[in-house]
Amino acid sequence: MELLHTRADLARLASLRSGGRLVLVPTMGALHAGHLSLVERAAARGPVVVSIFVNPTQFAPGEDFARYPRDLERDLELLRPLGPAAVFAPQVSEMYPGPDGTAVEPGPRAAVLCGARRPGHFRGVATVVVKLLNLVGPAVAVFGRKDAQQCLVLDEVVRDLALPVRLVDAPTLREPDGLAMSSRNRYLEGDDRRRAACLSRALQAARRELEAGERAVAALEDLLALHLADADVVEYAEVRRVPDLDRPERAEGRLLLAIAARVGPARLIDNLVLEVGPREVRAAALLEGGQP
Ligand code: PAF
């Protein structure tokens, strides 16, 4: 496993890149089992490069950029047994060589849900991911479905900018009580940790309601909100259409059930992606080539 820090170091990937099979797993570090499962899935497709970079431009002023957990040594220890070809862990100056440089403005999928509450967030994500794709040159990049809107925004960026890469989304890993794995779960202690499980319980309750035949979007959103009483603040609990993230008239077809809520010091997001037919409801992927 090569440890690369600079753009110049990335030249060491030249032979793997020219084979056209490189797979990138972009992360911000503070790795957990969810990230490791992405690396395992990526490894089934080709030699893997994991990037570890806490990207300043996707945090708004007042968000948790400064306290975001960073522990490169531990991350490397967790990755070593999985045998990625390389880890790319650049400094901020390597990714942002100019003071106020060029940025990627994402399209309409970035305007709703988290995009409406975190101004500039997806611009920062799109900018850094396009840089990572250009620097590493993978054939495939694997993203966690927990960040569902991120996957769909990046899918639109890749399509609109005609980037030569295929994006794949991989399933969310969960704790035994249903809490979606996230680096930000480290902020949760005691009662906050217990209460955080309400997000996944709300999603499961909505799924059961869909399975029982409910197709009214407002009724499903009310049910989500009802099950989020344990959260301190509910930012949104919505049903959206995949892939455009528009509001559907009825809960039919490929849907994203998405929640963002604050519990104690943590802002948590969670979602379910479902294919809703006239009679059946099943788990689905967000992107073509993703596994449900
Ligand atoms: O999902 C993340 O960890 C980040 O948003 C990403 C994709 C690595 C970009 O900084």
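Counting starts at 1 for both ligands and their atoms, in listed order.
- When only interatomic distances are considered, the shortest N/O to N/O separation between T27 and ligand 1 does not fall below 3.5 Å.
- Taking any N or O of Q150, backbone or side chain, at least one lies under 3.5 Å from an N or O belonging to ligand 1.
- Considering L163, V165, L135, L154 in turn, L163 is the only one that fulfils the side chain to side chain contact (heavy atoms under 4.5 Å, CB included) rule with V130.
- Closest to atom 10 (O) of ligand 1 among all protein heavy atoms lies Q58 OE1, 2.6 Å.
- Near V128, meaning under 4.0 Å from any of its heavy atoms, are these atoms of ligand 1: 9 (C), 10 (O).
- The side-chain tip of R166 does not point at the ring of F143 from less than 6.0 angstrom away and within 45° of straight on.
- The D147 neighbourhood of ligand 1 comprises atoms 1 (O), with distances under 4.0 Å to a heavy atom of that residue.
- The nearest protein atom to atom 3 (O) of ligand 1, hydrogens excluded, is given as M28 CG, 3.5 Å; this is a heavy-atom distance.
- N55 and Y68 form no side-chain donor-acceptor contact under 3.5 Å, judged by distance and modelled atom types alone.
- Those atoms of ligand 1 with a heavy atom of P26 less than 4.0 angstrom away are 8 (C).
- Heavy-atom contacts from other residues, nucleotides or ligands closer than 6.0 Å to CZ of R279 number 12 or fewer.
- E214 CD: more than 12 foreign heavy atoms inside a 6.0 Å radius.
- In R194, the CZ atom is crowded: over 12 heavy atoms of neighbouring residues, nucleotides or ligands sit closer than 6.0 Å.
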